[in-house]
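Working notes, beginning with the structure itself.
Letters go in sequence order (proteins before strands), and every chain restarts at 1.
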2 protein chains.
Amino acid sequence: MIINKFVAALAGTVALSAPAFANDEIIKLTQDPNQWVLQTGDYANTRYSKLNQINKDNVSKLQVAWTFSTGVLRGHEGSPLVVGDVMYVHTPFPNIVYALDLNNEGRIIWKYEPKQDPSVIPVMCCDTVNRGLAYGDGKVFLHQADTTVVALDMKTGKEVWKVVNGDPKRGETNTATVLPVKDKVIVGISGGEFGVQCHVTAYDIKTGKRVWRGYSMGPDDQTLMDPVKTTHLGKPVGKDSGINTWQGDQWKTGGGCTWGWYSYDPKLNLMYYGSGNPSTWNPKQRPGDNRWSMTIWGRDVDTGMAKWVYQMTPHDEWDFDGINEMILTDQEIGGKVTPLLTHFDRNGLGYTLNRENGDLIVAEKFDPVVNWTTGVDMNKSSPTYGRPAVVAKYSTEQNGEDVNSKGICPAALGTKDQQPAAYSPKTQLFYVPTNHVCMDYEPFKVTYTPGQPYVGATLAMYPAPNSHGGMGNFIAWDGKTGKIVWSNKEQFSVWSGALATAGDVVFYGTLEGYLKAVDSVSGKELYKFKTPSGIIGNVMTYTNKGKQYVAILSGVGGWAGIGLAAGLTDPNAGLGAVGGYAGLSNYTALGGQLTVFALPN
Amino acid sequence: MIINKFVAALAGTVALSAPAFANDEIIKLTQDPNQWVLQTGDYANTRYSKLNQINKDNVSKLQVAWTFSTGVLRGHEGSPLVVGDVMYVHTPFPNIVYALDLNNEGRIIWKYEPKQDPSVIPVMCCDTVNRGLAYGDGKVFLHQADTTVVALDMKTGKEVWKVVNGDPKRGETNTATVLPVKDKVIVGISGGEFGVQCHVTAYDIKTGKRVWRGYSMGPDDQTLMDPVKTTHLGKPVGKDSGINTWQGDQWKTGGGCTWGWYSYDPKLNLMYYGSGNPSTWNPKQRPGDNRWSMTIWGRDVDTGMAKWVYQMTPHDEWDFDGINEMILTDQEIGGKVTPLLTHFDRNGLGYTLNRENGDLIVAEKFDPVVNWTTGVDMNKSSPTYGRPAVVAKYSTEQNGEDVNSKGICPAALGTKDQQPAAYSPKTQLFYVPTNHVCMDYEPFKVTYTPGQPYVGATLAMYPAPNSHGGMGNFIAWDGKTGKIVWSNKEQFSVWSGALATAGDVVFYGTLEGYLKAVDSVSGKELYKFKTPSGIIGNVMTYTNKGKQYVAILSGVGGWAGIGLAAGLTDPNAGLGAVGGYAGLSNYTALGGQLTVFALPN
Ligand SMILES: O=C(O)c1cc(C(=O)O)c2c(n1)C(=O)C(=O)c1cc(C(=O)O)[nH]c1-2
Ligand SMILES: O=C(O)c1cc(C(=O)O)c2c(n1)C(=O)C(=O)c1cc(C(=O)O)[nH]c1-2
């Protein structure tokens, strides 16, 4: 299974001189388990590795092989990349990039430190995180906090091109990774708490020239929708569907941000991602379904045109951004291998759709405490087909402004937030890091001012009541049936991305700082190690000189860790997260470290 | 050998209710190798541990057991303490203190974060370091950057008392640990680059009330010298010896700071330490011997009276602060077991004295490249007895102001700086982390302004020419004969404190971030591990539940690492250190982590 990486990398590079696309190279590289060239592991976002040197029988012997301090504190999301024998490590703001020589004990080959105006920091809703680099076309792509997209020469760290995607002065920032695909790099934007009209944008991979931009709301020429050909649950969306469920001009400050993970199906030529909350968090102020916030999108990567959409949470009342990753698998449904898309939404429902046409197959709670909905109407002929039934008691819209709706599960940060799940084709199970947190939510009137917070709700968060007392679970999920297979309790939300491997092990990190390895079949804990700081990064694996390594970034932060990261103590601060996660300070302090594990020689 | 620590700790605590002194308890605790209650390991500053579970045969199997991020970047000097089952970890500015529960996977029992005005940062000459806590009388002592001395209740972290020792607005800061002894806590002060008249001060261990203060220069009632009884190389110092080698009032801004390590001999009731450079660095501006800068001191801890002094570098011309640790051993000299004091000075000479009377026994170069002196006059009847003979070519005094004296070895940061050596009674050898760095030094006229830098020289530093190319060595030294027994080359200065153990292993850290273990007899490298950041902390060891651990703080900085720590790039910046150590940025980035090692179970 272990291919010579230099040859593999070279093969990729050589392929570029032919009129091949970046994704030919990337597909080849993502099929080589010795490397890790996209944050998501592969275009399908499976976070699965075929490596099996480290396996369920020996993982308990894992040791720390080497470590690297990034020189930056606060929340470290994402993971390093490995291309050939070089590891690329990124940091939160100021978004430093290091190229480390894996053949030379992690020596720093180059360092890139962008100059960014620190005034962007207060415009970032949920810590100064960055979800990492992506590789393609001989370049390493960084999408900075201030929305500058930079292509760096992988060998020298020199800027090849640079483009500005948004304006922090208008509330636009970035935390997401990018999707290098074909001749493009596709990027999103943040700002749902600032009333930004969010979008995805494709730039030319060679030059940085803008190719297309698709907004989450707006007229068809902005959303890149075809009234007839673009479908929602099998039906044409109709003309200007991105306007006509908004009052007046509200779509212009509509949110629907695109700060999550992107996947891509080369056969269908579609990219998939979700859009975030409608702005403001006060639902009373924005009547209507607020399309296409809270929506799963399938877009043609060449033209940006939307092929299909599915709005999970029409007229959001809880900040359940729909941006979590879309995991692409081919599994048997009704005896037929079907191209599936599985998505664990903030709203607490795990969705499985047919990714070719957007058909809804499964929509089930992946945490039993979810109480804002009784479930999704799965009756195709019902007028509310595909809509979640809202429980009046937990409806902040129905309870109204200045009323504190209590005991809503999940909390605004959802049953799952940005922390990506993994999928193992061996078990055909999804491994999902989850939050087990509920909230009180009180909406209030707010006026829009460009570049100023446009939130309009006061929140308090706490562990799910009458449960195990902890704030998280790590679960295994059957995406075909929508059932939890096993569930491990965790004291805090699992804010770290999972990794599944052919060694029948699943890895994830905890907010206290443990890297954990569990049996992919039973969930049994096989190994844990206390890294320097709380983990909100994603586990990755690679080989060097034929030996398998597992790597994780530590550095507590993100929305869950914002109290520690930003030094906040008022329980309602940090959009309500500070109180809920106050106990974290008994376990860990700020950090920014890479820890690399291996078996003893 | 492994004593139940709880019993040991308790025994100590109980002893306190009797009219016993803190040092009765501390001596007991420092004799228990399971704990580490002083930065220096023991009052004798040997940094030797009787633990031998980890030894030269198995040290190669060492693993990382757990880690902890301190939440602070920049230079981490000193080490954690272990008292009972609690580890106390400190940080550089803002000088946070954590109490970690060793029985509960390092859970944070309490955290103390002083509020300090950050305007102290630019008043610190050589990074925002702090050399750590000390334990005594049920309290943990912190001496903050802003010179506030705080006694914290070891159980709760609550302030028991607090006293202000100096004023950063006048250039007074602190980086040193403190010496808890008898009914006192004795502390030093920094400010040699700001024209401070430095001193050691004793505070009441129960109340923080000031008991005595002894200055490095000034009239006898300030230096606490007796013209007759206080001796220098066996001769009475005479009246006001701390004034009469200075021009006019210059002693009032004379420096001689006391920022190093303190040792104590309970039998002789003397404490030992060295004083730093005379201010300014421009020797032309301050004619005379500048007593008692650059001096080894033996003071009575009850009264503060100086028993003897020895000035190593009269009229300093190179910033060779005499503050390095005094290691107290009893070894045979001329067939007689003699109470010795061994000191590796910045000036490149390794001194051995009789610590009872201050007799000079050995003064030899501990790096052959040292060139500013041909050696110390050891002829007792010579008028220059005990003085180093200065080589004219390297005399910045003789070359004069605005002349660049080139090729002086060692550089201003000396053949050894603050990084403490260790001594093994098994081998009777000293293990010395050294610098192998030379310099160009150009003095210039400077005027004194309170609180402003008072440096008066421009420096450039570089690896010792015509040598192995590296900037450091780790050596074994015979203190009786003044000879190097073995010497290991290092690419950078070894800025980390050594630890010698009964397992015949010596540990130290490197600026690139390696923890290294070498054979105490041969110097052979037995183990190395790349910690997250460059190491300038000191290795310590302890046991928990019968198992031996080795711990080290990473976090590059200090004078050698000031370029990285403070983000400086001009080669002459950082008092000349930035250029010399520029290569460090290829190996490591800022950090602040504790890494704890153990053998596999
Ligand atoms: O609407 C937005 O633009 C936006 C942006 C981000 C972000 O950029 O990280 C988050 C959120 N929303 C959000 O709702 C959320 O829960 C969240 C968590 C995190 C994180 O990294 O921990 N970011 C974000
Ligand atoms: O004269 C002084 O007051 C003074 C203070 C300090 C300090 O407080 O750390 C250093 C020095 N001098 C000094 O000369 C020096 O080489 C030095 C190195 C370091 C360090 O921690 O790396 N501190 C200091």
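- Contacts of residues 553-571 of chain A with chain B at a heavy-atom distance below 4.5 Å are absent; not one residue qualifies.
- Of all the listed residues (N104(A), L100(A), T531(A)), the one sharing the greatest number of non-hydrogen pairs under 4.5 Å with chain B is T531(A).
- Between the side chain of T67(A) and the backbone N or O of K530(B), at least one donor-acceptor pair lies under 3.5 Å.
- Against chain B, no residue from residues 113-121 of chain A qualifies, as none has a non-hydrogen atom under 4.5 angstrom away.
- Between I108(A) and S585(B), the closest heavy-atom pair is CD1-O, 3.4 Å.
- In this structure a side-chain-to-backbone donor-acceptor pair under 3.5 Å is present from S69(A) to L590(B).
- Heavy atoms closer than 4.5 Å to chain A are found in both the backbone and the side chain of Y587(B).
- Side-chain contact between R107(B) and N586(A): present, with at least one pair of heavy atoms (C-beta onward) separated by less than 4.5 Å.
- The candidate with the highest count of non-hydrogen atom pairs below 4.5 Å against chain A, out of G106(B), A65(B), G534(B), is A65(B).
- At most 12 non-hydrogen atoms from other residues, nucleotides or ligands lie less than 6.0 angstrom from NZ of K56(A).
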Verdict with reasoning, F529(B) to V64(A), per side chain to side chain contact (heavy atoms under 4.5 Å, CB included): CA-CA 9 Å; F529(B) 176 87; V64(A) 180; 3.6 Å; yes
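- How far CD of Q593(B) is from OG1 of T595(A): 8.5 Å, rounded to the nearest 0.5 Å.
- Counting only N and O atoms by type, the side chains of Y514(A) and E105(B) include a donor and acceptor under 3.5 Å apart.
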